[in-house]
Amino acid sequence: MTMNDTGMESTPKRKKLQKIGIFTSGGDAPGMNAAIRAVTRAALANKLKVVGIRRGYQGMIEGDFISLKSSDVSGILQTGGTMLKTARSAEFRTPEGREKAYQQLKKAEIDAVVVIGGDGSFTGALVLSQEYDVQFVGIPGTIDNDMYGTDYTIGYDTALNTVVEAVDKIKDTARSHGRIFFVEVMGREAGLLALNSGIACGAEVILIPESNEQHDALKKFISKGYKNKETSGIVMVAEGDEAGGALKIAEQVRKDHPDLDVRVSILGHIQRGGRPTARDRVNATKMGVAAIDALLDDQKSIMIGLDNEKIVHVPFNKAVKMNHSIDTNLLDIQKLLNI
Ligand code: ATP
């Protein structure tokens, strides 16, 4: 508290926002570039200077900064990956690393920062803002769609469509040869991608970390459905399923049923890349503009989320500590339809 002219106590005013930083961190996701473009242009429209921090927290520690003009973000809306590059930084997890990062922000006169990433990236921002006076606002960018407080994370829609396209192709072979394909999709701790792509592809069984009921469904499908109907099958497996990945589960099925033609397809990194869908571009743009609005409103340590298509602010500490629940109704629907 300080005394003002009238002798009354007043809270010192924050320095007016002049320059913001923006970076992407953790795994890349399609649509991150659309968010970078929206943040940069919304900031410039509000007379703010914009600094791109390259390679996530590692670039922040090393002062790998570039100034961004409107033309620097043209032509990126439709591209996958991230023009600012991304990284995972072990050094930032140490107090020494974070002090270096803070000193670099101070030296570059960056008043506030927009971070685009997942819960690890927001945890890093929270820790830094608790140690030093740095204003952070986050935009959720991860193909897992596993952040608490938002219906949507940037990249999820594109990844979902990539998986659906790939599985449609695998299904052609499965049907032609009468095979069972175990298709593994990304999602170490979250099965939303496997669940929704499984529904969209009409998978016979969907194995996700949030539910172990489906392992009985797999047994049932193999012993009753597959053997009797002599047809093909798709089993979607989230990489984080507790029974192990698709390779391990398929190996067990092969051992138990040597007569079956069982194959595995691990979709891997194709799920992260590619041109973002229209939905990812629109949402990334909305969220990018909302992030600048939030910073101008003096908000800090919040994630921009979408709740029923409306922008919401979710405190970092909630977004990173709580889990995104899965719509188990979708599993019931999937079971109901697989008669
Ligand atoms: P994805 O969902 O794609 O994995 P993410 O943002 O969760 O994205 P992480 O690798 O978990 O990705 O985190 C990104 C970076 O954030 C880490 O490399 C690290 O530098 C920083 N970070 C994560 N957790 C912490 C922490 N507890 N303290 C300090 N920094 C952290």
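Ligands are counted one by one from 1 in listed order, and the atoms in each one are counted from 1 as well. Atoms considered below: every heavy atom in the structure, side chains included; atoms not considered: hydrogens, waters and symmetry mates.
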Subject >> Polar proximity ligand 1 side, D144 side, N/O cut 3.5 Å exclusive >> reply: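 In this structure, D144 places no N or O atom under 3.5 Å from an N or O of ligand 1.
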Original post:
When only distance counts, is G26 in polar contact with ligand 1, meaning an N/O pair under 3.5 Å?
Top reply: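 By distance alone, the answer is no.
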Subject >> Identity of the nearest option to atom 28 (N) of ligand 1, non-hydrogen atoms only, from T153, V127, T86 >> reply: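 The residue whose heavy atom sits nearest atom 28 (N) of ligand 1 is V127.
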Subject >> Option set A101, S89, A125, P140, criterion heavy-atom distance to atom 20 (O) of ligand 1, minimum >> reply: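 Ranked by closest heavy atom to atom 20 (O) of ligand 1, first place is S89.
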Subject >> Parallel, tilted or perpendicular: rings of F23 and Y57 (30°, 60°) >> reply: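 It falls in the perpendicular class, over 60°.
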Test: [X] and [Y] ion pair at under 4.0 Å:
{"X": "D111", "Y": "K19", "answer": "no"}
{"X": "K248", "Y": "E251", "answer": "no"}
{"X": "D72", "Y": "K69", "answer": "yes"}
{"X": "D256", "Y": "R254", "answer": "no"}
{"X": "E62", "Y": "R54", "answer": "no"}
{"X": "K49", "Y": "E109", "answer": "no"}

Specify the protein heavy atom at minimum distance from [atom]: its residue, its atom name, and the distance to 0.1 Å.
{"atom": "atom 31 (C) of ligand 1", "result": "G124 CA, 3.7 Å"}
{"atom": "atom 24 (N) of ligand 1", "result": "R93 NH1, 3.3 Å"}
{"atom": "atom 7 (O) of ligand 1", "result": "G120 N, 2.9 Å"}
{"atom": "atom 1 (P) of ligand 1", "result": "G27 N, 3.9 Å"}

Which ligand 1 atoms are under 4.0 Å away from a heavy-atom of [X]?
{"X": "R88", "answer": "4 (O), 9 (P), 10 (O), 12 (O), 18 (O)"}
{"X": "T123", "answer": "26 (C), 27 (N)"}
{"X": "S121", "answer": "5 (P), 6 (O), 13 (O), 14 (C), 16 (O)"}
{"X": "T142", "answer": "2 (O)"}
{"X": "G118", "answer": "5 (P), 6 (O), 7 (O), 8 (O)"}
{"X": "S25", "answer": "14 (C), 15 (C)"}

Subject >> Centroid separation F136 to F122 less than 6.0 Å >> reply: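 No, the ring of F136 stays outside the 6.0 Å limit from the ring of F122, centre to centre.
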**OP:** Classify the side-chain pair T277/D157 by whether it contains a donor and acceptor separated by less than 3.5 Å.
**Re:**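 Per modelled atom types, T277 and D157 side chains form a pair under 3.5 Å.
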